[in-house]
Every structure is written in C-alpha cells, then in structure tokens.
Amino acid sequence: MTVRELENRLSARELSEWMAYYSIEPFGTQREDYRAGLVAATVANCAGAGKKGKALQPTDFIPIFVQQKEMSFIDRKQEQLRQMSIFKNLAGYKDE
C-alpha cells in the first residue's frame, strides 16, 4: 500500500488509535527480535549458560543491541567467539 492510499483509507483518528495501541502493545520486527531474544535467554539460562551466576538477557541474543554501528575486526571476532562459547555451553561441548 502506498502512502497516498493509506492517507485515503486511514483517518487521523484511526491513526491516533493505532499509535495509542502501539504504545501499550508494541509490534513489528524490533519487538519480534526482542521476543526471540527472550526465548533464547530463557533457554540459555535454564541450561546454565550464564557466567558466575549472572543471567543472560534477551539483548545478549539480539545483534543490533550488542554490536556497535562499526566494530573493528578484532572486536567482531571477540563477539563471535563469545557467542560461540554460549552455544557450545548449551550443547554441552567441552574444549579439549
């Protein structure tokens, strides 16, 4: 649907209602990412993946919240190793 079609079909009142609804119950891809991160954090914490008694948070599994806009190669590699460590712990993998 184009912006013009939306303007013709959606009144200012209905737009305000949708905005109010969104403020109470957010939706969209960012919210979906957060929900997926919530599930991942719950599973990881149940499997004991948190270090030193610190529970993992949903944002630990959402790259946009973890990574800076521009990361150096070394920082990116460290982040990849951190994430791999989490998944290895979940899988019960032991380094030899």
Side-chain angles (χ1 to χ4, degrees):
M1 179 179 299
T2 67
V3 173
R4 180 153 301 164
E5 290 172 325
L6 185 60
E7 287 175 342
N8 290 331
R9 295 180 63 182
L10 187 69
S11 68
R13 178 184 170 104
E14 186 177 0
L15 177 60
S16 295
E17 290 172 354
W18 276 110
M19 291 170 68
Y21 177 73
Y22 182 81
S23 70
I24 296 168
E25 187 66 37
F27 52 87
T29 56
Q30 289 180 334
R31 190 58 168 192
E32 292 166 3
D33 286 347
Y34 183 80
R35 287 182 181 132
L38 183 61
V39 171
T42 301
V43 170
N45 288 323
C46 288
K51 291 183 180 179
K52 300 177 185 171
K54 184 180 177 197
L56 295 168
Q57 300 298 312
T59 52
D60 293 330
F61 296 90
I62 305 171
I64 194 167
F65 289 104
V66 175
Q67 296 176 357
Q68 301 168 359
K69 279 191 171 186
E70 291 186 29
M71 293 179 76
S72 70
F73 174 80
I74 294 170
D75 290 339
R76 195 173 7 183
K77 186 69 173 172
Q78 289 174 340
E79 177 61 21
Q80 290 171 347
L81 291 173
R82 184 189 74 81
Q83 290 178 0
M84 283 302 296
S85 174
I86 291 170
F87 290 118
K88 285 178 179 179
N89 286 337
L90 286 172
Y93 179 81
K94 303 283 186 209
D95 287 326
E96 294 182 27

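- Tracing side-chain contacts under 4.5 Å through hydrophobic residues (I, L, V, M, F, W, Y), one reaches Y22 starting from M19; they form part of the same cluster.
- When side chains are defined from C-beta on, T29 counts as touching E32, because their heavy atoms get closer than 4.5 Å.
- Atoms CZ and CD, on R13 and E17 in that order, are 5.0 Å from each other to the nearest 0.5 Å.
- Note: D60 CG to K54 NZ = 7.0 Å, rounded to the nearest 0.5 Å.
- Hydrophobic clustering (side-chain heavy atoms under 4.5 Å, transitive across Ile, Leu, Val, Met, Phe, Trp, Tyr) groups L6 together with F27.
- Considering every non-hydrogen atom in both P58 and I62, the closest pair reads O-CG1, 3.4 Å.
- At least one side-chain heavy atom of E14 sits less than 4.5 Å from a side-chain heavy atom of W18.
- Around the CG atom of L81, the shell of radius 6.0 Å holds more than 12 heavy atoms that belong to other residues, nucleotides or ligands.
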Residues 35-48 side chain polar contacts: donor-acceptor under 3.5 Å, at least two apart:
residue: R35; atom: NH2; partner: E25; partner atom: OE2; Å: 3.3
residue: T42; atom: OG1; partner: L38; partner atom: O; Å: 2.8
residue: N45; atom: OD1; partner: L56; partner atom: N; Å: 2.8
residue: N45; atom: ND2; partner: A41; partner atom: O; Å: 3.0
residue: N45; atom: ND2; partner: L56; partner atom: O; Å: 2.9

